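The figures that follow rest on heavy atoms only: side chains count, while hydrogens, waters and symmetry mates do not. Note that the structure is predicted; figures quoted are calculated from it, not measured.
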Amino acid sequence: VELARLASLSETDEKPNPIKWKQEDPIYHASFSPDEQYIATAAGSQRFNGVCKVYATERGEADFGGNQTAEPLAKLDHADAVTTATFSPDGKFLFTSSLDGTAQIFDRRMYDQVGTFKHPNWVTSVNMTKDGRNFCTACQDGIIRIYDVGTRKQVQAFSTGEPLSWAVFSPSDLEVMSTSLESVVSIWGIEGRLGHHLQQHKEALETVSLARDQPDVPADQPAS
């Protein structure tokens, strides 16, 4: 994982000197905490133990390869590879998804596990609404599930008919965009109605995002 201070790019033509962290297993995802003081990484090898690690973003001592030598602030083990790791908007919780078939919530104070959500297949992503009240998961069983953070209960689930690689809320939190291993990206209304079915891609899609300055696509078509 590399962190480059991009502000320096406007001041000099020199190549930025990133802060780097080296891990043994493949890293699938990384995210900032809301205050940008920490990062969380999602890593692991398939069918082996996975791990989410949390690091401070300050530059510390580095080895000869330029990698930070400080131990992570937290090391959260999973039974299989961790696919995403993301902080809640208020920074109080850390959410993970994993090929062990779970999404998990950890309290940031001591990194205690405070919620586990079991799925029947690999969980490939977890993402939150802007207000932090709900989160959604993408699962390879083709179902997008939406949960209430406060009650820890599932409030909605709908089938996309395709093994999913990613699901994320729109900026308004009124739609969910999904990508699939069938090379399709779709936008769904929160009630599970298919709002827009975008052109099929040649390769499997892993992640997608919505521009924050663009209006949402209306969800006025029933799901097929």
Side-chain angles (χ1 to χ4, degrees), residues 28-29 31 40 42 50 52 78 80-89 93-106 115-201 203-212 214-224:
Y28 302 107
H29 184 257
S31 66
C52 169
H78 292 63
D80 210 329
V82 181
T83 52
T84 56
T86 186
F87 295 91
S88 60
F93 299 99
L94 178 62
F95 290 72
T96 64
S97 61
S98 173
L99 298 188
D100 65 9
T102 67
Q104 299 185 42
I105 307 177
F106 298 88
T116 300
F117 306 83
K118 295 182 178 180
H119 294 61
N121 208 319
W122 293 348
V123 186
T124 50
S125 76
V126 57
N127 280 292
M128 301 197 66
T129 53
K130 288 190 301 181
D131 61 13
R133 294 180 179 179
N134 299 97
F135 68 94
C136 68
T137 60
C139 184
Q140 287 212 346
D141 66 354
I143 297 178
I144 296 173
R145 295 170 174 86
I146 300 176
Y147 298 87
D148 184 287
V149 175
T151 65
R152 307 286 198 268
K153 294 185 180 299
Q154 181 179 301
V155 295
Q156 191 175 352
F158 53 90
S159 177
T160 67
E162 300 160 344
L164 295 171
S165 56
W166 192 258
V168 63
F169 288 99
S170 67
S172 69
D173 294 334
L174 297 178
E175 278 86 32
V176 175
M177 185 183 294
S178 65
T179 61
S180 80
L181 299 181
E182 301 291 337
S183 306
V184 173
V185 55
S186 302
I187 300 174
W188 305 82
I190 288 300
E191 297 303 322
R193 299 172 298 167
L194 179 61
H196 198 52
H197 201 69
L198 302 183
Q199 184 176 0
Q200 190 172 37
H201 292 248
E203 303 293 338
L205 291 162
E206 294 184 355
T207 63
V208 69
S209 64
L210 279 170
R212 293 190 178 275
Q214 296 298 318
D216 298 321
V217 177
D220 56 0
Q221 301 178 22
S224 57

- [ ] Give a yes-or-no answer on whether the side chains of S172 and S170 include a donor-acceptor pair shorter than 3.5 Å.
- [x] yes
- [ ] For F87, enumerate each residue passing the ring-ring contact (aromatic ring centres under 6.0 Å, His included) test, keeping only those at least two apart in sequence or located in another chain.
- [x] none
Open item on the list: Could you tell me if T137 and H119 have a donor-acceptor pair between their side chains, going purely by distance under 3.5 Å?
Closed with: yes
Open item on the list: To check you understand the geometry: which heavy-atom pair defines the closest contact between M128 and P89, and what is its length?
Closed with: SD-CD, 3.7 Å
Task: Any donor-acceptor N/O pair, T96 side chain to A85 backbone, under 3.5 Å - done: no
Open item on the list: Whether the side chain of S165 engages the backbone of L181 through a donor-acceptor N/O pair (distance < 3.5 Å, no angle test) should be reported.
Closed with: no
Task: Within-4.5 Å side-chain heavy-atom neighbours: I190 and F169 - done: yes
Open item on the list: Holding to side-chain contact (heavy atoms from CB on, under 4.5 Å), I want the full list of residues that pass it with T124, two or more places apart in sequence or in another chain.
Closed with: A138, Q140
Open item on the list: Assess the residue pair R145 and C139 against the criterion (side-chain contact (heavy atoms from CB on, under 4.5 Å)); give the C-alpha distance rounded to whole Å, side-chain angles, the decisive distance to 0.1 Å, and a yes or no.
Closed with: CA-CA 8 Å; R145 295 170 174 86; C139 184; 3.6 Å; yes
- [ ] Determine, stepwise, if the pair T86 / V126 fulfils side-chain contact (heavy atoms from CB on, under 4.5 Å).
- [x] CA-CA 8 Å; T86 186; V126 57; 4.3 Å; yes
- [ ] For D80 and S98, work out which heavy atoms get closest and say how close.
- [x] O-OG, 3.1 Å
Open item on the list: The criterion is ring-ring contact (aromatic ring centres under 6.0 Å, His included); which residues satisfy it with H29, sequence neighbours excluded?
Closed with: W166
Open item on the list: Quiz question: by atom type and distance under 3.5 Å, do the side chains of T160 and E162 form a donor-acceptor pair?
Closed with: no
Open item on the list: Minimum heavy-atom separation for S178 and W188, please, with both atom names.
Closed with: OG-NE1, 3.0 Å
Open item on the list: Tell me if the centroids of the rings in Y147 and F117 come within less than 6.0 Å of each other.
Closed with: yes
Open item on the list: Q154 vs I146, test: side-chain contact (heavy atoms from CB on, under 4.5 Å). Steps then yes/no.
Closed with: CA-CA 6 Å; Q154 181 179 301; I146 300 176; over 6 Å; no
- [ ] Report the residues that fulfil ring-ring contact (aromatic ring centres under 6.0 Å, His included) with F95, sequence neighbours left out, ordered by chain and then residue number.
- [x] F135
Open item on the list: Can you give me the closest heavy-atom contact between C52 and V82, atom names plus distance?
Closed with: N-CG2, 4.0 Å
Task: S125 vs S97, side chain to side chain donor-acceptor pair (under 3.5 Å): CA-CA, chis, key distance, verdict - done: CA-CA 6 Å; S125 76; S97 61; 5.9 Å; no
Open item on the list: Nearest 0.5 Å, please: how far is CD1 in I144 from OG in S159?
Closed with: 9.0 Å
- [ ] Check side-chain hydrogen bond (donor to acceptor under 3.5 Å, both in side chains) between N127 and all other residues, then give those that pass, not counting sequence neighbours.
- [x] none
Open item on the list: Nearest 0.5 Å, please: how far is CG in L164 from CG in D141?
Closed with: 7.5 Å
TODO: Please check if the side chain of K130 supplies one atom and the backbone of D173 the other of a donor-acceptor pair under 3.5 Å.
DONE: no
Task: Over all atoms of both residues, closest heavy-atom pair of Q104 and D100 - done: NE2-OD2, 4.0 Å
Open item on the list: Distance check, rounded to the nearest 0.5 Å: T116 atom OG1 versus R152 atom CZ?
Closed with: 10.0 Å
Open item on the list: Taking the side chain as everything from C-beta on, heavy atoms only, tell me whether V155 gets closer than 4.5 Å to N134.
Closed with: yes
Task: Donor-acceptor contact present, side-chain T83 to main-chain V123, <3.5 Å - done: yes
Task: Student check: side-chain heavy atoms of R133 and V149 closer than 4.5 Å - done: no
TODO: For D148, enumerate each residue passing the salt bridge (Lys or Arg N to Asp or Glu O under 4.0 Å) test, keeping only those at least two apart in sequence or located in another chain.
DONE: none
Task: Side chains of T102 and H78, donor plus acceptor under 3.5 Å - done: no
